[in-house]
Amino acid sequence: MVAAHLTCPTNVLESAVQQLDDAAAMIDLDPAIHAKLRRPRRALIVSVPTHMDDGRFEVFLGYRVQHNMDRGPCKGGIRYHPCVTLDEVTALAMWMTWKCAVVNIPYGGGKGGVICDPACMSMDELERLTRRFTAELIEVIGPEEDIPAPDVNTSDRIMGWLMDTYSMQVGHSVPAVVTGKPIAIGGSLGRAQATGRGIVFVAREALRTRGMSVAGATAAVQGFGKVGGAFAELFAEMGAKVIAVSDVSGGVINQAGLDVAALTRHVIDTGRVAGFAGGDAITNDELLALECDVLVPAALENVFTADNAASVRAKMIVEGANGPTTPEAHSIFTERDVFVVPDILANAGGVTVSYFEWCQGLQHLFWTEDEVNRRLESVMVNAYNEVYACACERRIDMRSAAMAVAVGRVAEAIRLRGIYP
Ligand code: NAD
């Protein structure tokens, strides 16, 4: 069942392949390597029969796509959403390949998803769905093969069930099979806020390179979940003014700056942004067209399209969500000189701390939160600077530069490894 308020994204795979094609032309990519990268290495479709609380069982459809493994095992989240499609999961897996390459961590890209509406399911149903989905994936996931993580509507709790199910099947605890787990069973300190924190670091660098600073900068954030919520909280703590926030229920605006901590409490209490007393109501469309320094889409794909890109008035967009900008909107932003820090760079903080969690899990040696955050900052700032230098050198936009850096690194790995046999 698809909830009435949701617009399912379409053509995300076309967008992802188009971005690869553009990068390939830009860096003069070997046509054979280009052809290899246009398709995923492997895509698995599974039925997930699940006992529901009323005694029936329902059969859900699940996917795991592994795009590329030339730089290391696949890494990528699992999404529970009514709009999940194989094309969407494939696009997200491809973006994970570029994301891991752009921040230079030793992974390829993977992604998974189950078509379901968690808002209409109990925790017990979600646990049974997760355990059966994990059992169906058992042949293709593992700490050396493919390491899932949370994504839209999947939590640390769900990752804990995944880890337990995998561990039960192989007969011993395997914390490194999944990241984004609860701390008590091998999760990393700092993981929960890592994506939002990473966006803060790149937003700070982007403001710096554009001659601005975080102090007093205004920000609008679409999506107030794991990513948007953490970004808003940390950016406000750093001295920025978060003037508007929205989620699927609608949004709130306060030009003097929202009290993000109070808004977070309101969302914990009511489950929605709408109705927060510390601001006026605003729609998602109005939020996207607000005048502000930093606009952060942190919900779903295809938020900026040919229809609304011309109305964006933000000085810069820092993409928290994956794939929020269609190729048409990208062209409009480039023409209008809207500075965009692309998803594969901006939201790579999550996978970076997932990488730290995986390293800690393999070694059974755990780091302090401070160490995690310091290493995260170093990875994000280096990656931003490499992409920015490439953009300046080639006189191209940041998305094209990030793709040039990422695809170049993956292509080099393919060249050096060669094709088996
Ligand atoms: P989440 O489920 O925690 O939060 C999603 C938020 O988006 C919620 O506030 C929801 O209400 C809002 N939303 C959903 N549909 C909307 C709509 N139509 N209009 C406005 N708001 C809407 O998910 P998340 O983990 O925060 O992920 C958000 C985005 O960030 C996704 O694109 C995801 O792929 C990407 N991402 C997540 C991580 C991570 O570590 N969680 C890492 C990198 C990228």
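Only a predicted model underlies this, so the values are computations on that prediction, with no experimental measurement involved. For ligands, and for the atoms within them, numbers begin at 1 and follow the listed sequence.
- In this structure, of Val267, Val296, Asn284, Leu288, the residue bringing a heavy atom nearest to atom 20 (C) of ligand 1 is Asn284.
- Between Gln66 and Cys74, the shortest heavy-atom distance links the atoms CB-SG, 3.5 Å.
- Across Cys116 and Met121, no two heavy atoms sit closer than the pair CB-SD, 4.0 Å.
- How far CZ of Phe133 is from CD1 of Ile138: 11.5 Å, rounded to the nearest 0.5 Å.
- Of the N or O atoms in Asn153, one or more lie within a sub-3.5 Å distance of an N or O in ligand 1.
- Geometrically, ligand 1 and Ala299 share a nitrogen or oxygen pair separated by less than 3.5 Å.
- Note: Glu386 CD to Asn104 CG = 6.5 Å, rounded to the nearest 0.5 Å.
- For residues 360-386, the set of pairs meeting the ring-ring contact (aromatic ring centres under 6.0 Å, His included) definition, not counting sequence neighbours, comprises Phe356-Trp367, Tyr384-Tyr388.
- The CD1 atom of Ile147 sits 8.0 Å away from the CG atom of Leu362 when rounded to the nearest 0.5 Å.
- Contact between Gly320 and ligand 1 is present, with at least one heavy atom of the residue lying under 4.0 Å from the ligand.
- At least one heavy atom of Arg191 sits closer than 4.0 Å to an atom of ligand 1.
- Ligand 1 has no N or O atom lying under 3.5 Å from any N or O atom of Leu300, backbone or side chain.
- Distances between N or O atoms of Pro150 and those of ligand 1 include no value under 3.5 Å.
- Among Thr179, Val227, Thr195, the residue whose heavy atom lies closest to atom 26 (O) of ligand 1 is Val227.
- Not one N or O of Leu92 is nearer than 3.5 Å to an N or O of ligand 1, by distance alone.
- Neither the backbone nor the side chain of Glu301 has any atom closer than 4.0 Å to an atom of ligand 1 (non-hydrogen atoms only).
- At a heavy-atom distance under 4.0 Å, atoms from both the backbone and the side chain of Asn347 approach ligand 1.
- For Arg79, the heavy-atom gap to ligand 1 drops under 4.0 angstrom.
- Counting heavy atoms closer than 4.0 Å to ligand 1, residue Ala298 contributes backbone atoms (N, CA, C, O) but none from C-beta onward.
- Taking only non-hydrogen atoms, the option from Asp247, Val351, Asn322 nearest to atom 35 (C) of ligand 1 is Asn322.
- Of the heavy atoms in Val152, both backbone and side-chain atoms come closer than 4.0 Å to ligand 1.
- In this comparison of Lys226, Arg272, Glu319, the heavy atom closest to atom 25 (O) of ligand 1 sits on Lys226.
- Proximity to Asp151 (heavy-atom distance under 4.0 Å) selects the following atoms of ligand 1: 33 (C), 34 (O).
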